[in-house]
Amino acid sequence: MSPQNIYLSPSIRDWVVLPLLLIMILTGLLRTLTSQLLRSPKPLKDLKLKTFLQRTSRLRSAGGFISRDRFTRKKSYYTQKNTGALQKEGPVLSSFSSEVKPTGGMPNPATAMEGMMGNASFMIQNMIMMNAISHFFSGYILVRVPFQLTEGFKPMFQKGIDLPTLSTSYVSSLSWYFLVMFGLRGVFRLIVGDPSPETLQSYAIQQSLGSGFANAQPFKHEQAFKSECEMLEIAKYRSVIEGSERELLGDMYPKGKRRGKKANRKDDIFGE
Amino acid sequence: MSRIRLNYLRDQKLRRPDEVMSLALPFLQSASLHSEEDLAILEQLCIASLDVSNFEVAESVVTRLESRFEDSSRVMRLRGMVYEAAQNYTAATELYKNLLEKNPSNVFARKRLYAIKKSQNDNPVEALLSYLDENNADVQAWYELSDLYLGLADWQGAAFALEECVLLDPLSAHLHTLLGECYYTLSNSTSEAVLAKNFTVEPLILLARRHFSEALNLKRGDIRALMGLALASKVSATEDIPQPDNSANVSLVDKLKSGQPIVDEQLVGAKLHEFAALELSKNIKDGKLKNSVDAYMKKGAEEIKIAMANKESKKDV
């Protein structure tokens with residue numbers, strides 16, 4: 001492709017490129033600020049149930065650090081038929097479920113909305129911006145990138161311009177919008193700044209004061225309890241504690257009499 | 001400069017009330033109520049002044065904060081702590097209960113309510129249990145529970161609380177040592193022995209030995225764990241270990257299946273005692289203490305020797 005030299009008017013720079021950049025930065029700031037406002041704190045209702053499940057899963061993962069018999073006792077406390085804390089008829093669960101409102105199969109529409117709010121505002125804003133830009137600034141090129149690009153970039157760089165002979169390094173307005181939109185993330189971080197240590201700390205304190213952000217999905221405790229119960233039932237005791245003395249003593253550990261099958265078989269074959 | 005130091009203290013969660021008082025006091029009037037850092041400094045100053053019982057400073061900080069934040073739970077918690085420091089427990093309790101009503105999962109208010117019950121000695125165990133019911137992932141709280149049980153000489157309760165601690169933080173040598181001590185004490189007392197049947201069927205002295213060993217695996221040369229190991233191994237080497245009944249037999253079968261060799265626990269006890277003696281004399285720096293510990297361990301080793309010889313002769317008969 002022959003090098004082209006198209007003169008771009010300085011008023012395009014002054015009245016289109018720079019204002020576009022400014023508009024985008026301002027709307028981006030607006031978006032981050034509104035999303036911060038929309039993020040409403042909500043107390044966690046399911047906290048009790050969830051931490052209970054954490055407790056049982058701890059038994060599965062770290063159970064080897066307590067003795068075998070204590071492990072089985074704890075396990076049967078959770079999984080025993082009818083009386084186990086994880087069983088459906090168990091006293092613990094019934095006391096739990098009286099506090100937790102049954103949500104049924106339907107997710108709570110309010111919580112589902114909350115997750116969508118952020119995305120929706122983002123989408124609406126984008127659609128409006130794109131329409132406005134293609135309406136006001138279409139039909140001409142805005143900038144020229146200082147390097148040559150292959151033909152493949154044409155649809156990406158020259159959206160809205162149908163000139164097969166135009167060099168790919170010229171960028172149309174809509175494409176400029178996209179390029180800036182994806183490239184501005186770093187700039188925003190510079191402007192908004194990383195949260196200060198105080199803000200992070202106050203998040204942590206807020207969490208401990210009990211205003212954690214609720215998950216969009218409601219917590220289905222019955223299912224979770226059932227699966228946890230099954231997992232705990234098949235969990236095997238893998239002792240760490242019983243091997244601790246052997247590990248500590250190393251070579252000093254007394255050698256025991258091996259009474260495994262292997263020794264016997266050896267005897268059978270070799271007759272020793 | 002002082003800002004940086006205060007920030008560091010906050011960040012690392014260090015509790016140095018004297019230092020904070022001297023550094024943060026100049027900020028009492030000058031701190032802006034609109035800068036997050038200054039607010040954090042005021043909070044820090046308030047807690048530090050309560051620590052050193054300087055109630056005027058605490059009061060003025062809280063009043064300043066209240067002038068801007070009327071309804072903040074973070075300021076209310078400071079107000080509650082000021083009440084507590086002045087031993088105005090009824091006002092503090094009411095305030096925390098209000099906080100809980102507003103937000104039932106307010107962990108801080110629940111903790112403070114427990115602290116009030118404890119300082120009034122008003123059935124603190126129950127209060128702590130109700131806290132743990134909701135926040136069972138709190139190691140510190142379980143640790144506190146074990147401490148309460150120890151105060152009541154309820155060794156089983158303490159062992160249970162420490163087991164939960166170990167499950168939460170299995171790589172803490174200190175927790176393993178404490179659990180070992182609980183088991184050791186349980187195995188030692190005859191009145192507890194009957195009750196212990198409901199607690200576990202495995203011989204408690206072996207559990208104690210294992211937990212001390214695990215503590216030493218995690219932290220080599222820990223004197224407290226070594227001393228515990230010395231005591232527990234001596235008992236296990238000199239006394240007959242009660243034969244574990246049915247459900248522990250299952251573990252024996254498991255051991256056979258896995259092909260692990262069956263060892264004489266008494267012999268292991270003797271070896272562990274030997275190991276503890278070696279390590280103790282290596283790790284104790286104080287000469288006088290070292291001599292007496294060495295002498296004690298030597299005496300123990302002789303007792304073990306006699307016990308082993310007795311056992312051998314019994315076997316021969």
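These numbers come from a predicted model, not from an experiment. Quick note: numbers below take in every heavy atom, side chains included, and nothing from hydrogens, waters or symmetry partners. Per chain, numbering begins at 1; letters A, B, ... match sequence-line order.
Looking at B/Leu99, neither its backbone nor its side chain comes within 4.5 Å of chain A, counting heavy atoms on both sides. Using a 4.5 Å cut-off between heavy atoms, B/Arg110 does not touch chain A at all. Of the atoms belonging to B/Leu39, not a single heavy atom falls under 4.5 Å from chain A.
Listed by chain and number, the residues in a ring pair (Phe, Tyr, Trp, His ring centres under 6.0 Å) with B/Tyr183 are B/His211 (sequence neighbours excluded). In this structure A/Thr79 satisfies the side-chain hydrogen bond (donor to acceptor under 3.5 Å, both in side chains) test with no other residue, sequence neighbours excluded.
Residue with the most contacts toward chain B among A/Ile241, A/Ile66, A/Thr72: A/Ile241 (heavy-atom pairs, distance under 4.5 Å).
In this structure, the side chains of A/Glu247 and B/Leu216 stay at 4.5 Å or more apart for every pair of heavy atoms. A/Leu249 places none of its side-chain heavy atoms less than 4.5 Å from the side chain of B/Glu274.
Between A/Phe65 atom CZ and B/Asp169 atom CG the span is 10.0 Å, to the nearest 0.5 Å. The structure places CG of B/Asn135 at 12.0 Å from CZ of A/Arg55, a figure rounded to the nearest 0.5 Å. Once rounded to the nearest 0.5 Å, the distance linking OH of A/Tyr253 with CG of B/Leu272 reads 8.0 Å. The line from OG1 of A/Thr56 to CG of B/Leu167 is 11.0 Å long, rounded to the nearest 0.5 Å. Between the CG atom of B/Asn136 and the CZ atom of A/Phe52 there is a distance of 8.0 Å, given to the nearest 0.5 Å. Here the CG-NZ distance, from A/Asp251 to B/Lys271, works out to 11.0 Å after rounding to the nearest 0.5 Å.
Looking at A/Arg73 and B/Glu163, no side-chain N of the basic residue comes within less than 4.0 Å of a carboxylate O on the acidic one, giving no salt bridge.
Within a 6.0 Å sphere centred on NZ of B/Lys311, other residues, nucleotides and ligands contribute more than 12 heavy atoms. Dense packing is recorded around CZ of B/Arg5, with more than 12 heavy atoms of other residues, nucleotides or ligands lying under 6.0 Å away.
A donor-acceptor pair under 3.5 Å is absent between the side-chain atoms of B/Ser213 and the main chain of A/Ser244, judged by distance alone.
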Apply side chain to side chain contact (heavy atoms under 4.5 Å, CB included) to B/Phe212 and A/Glu245, showing your working.
CA-CA 9 Å; B/Phe212 286 131; A/Glu245 290 168 349; over 6 Å; no
Before you tell me yes or no, could you show the steps for B/Leu207 and A/Asp69 under side chain to side chain contact (heavy atoms under 4.5 Å, CB included), namely the whole-Å CA-CA distance, both residues' side-chain angles and the distance that decides it to 0.1 Å?
CA-CA 10 Å; B/Leu207 300 192; A/Asp69 186 49; over 6 Å; no
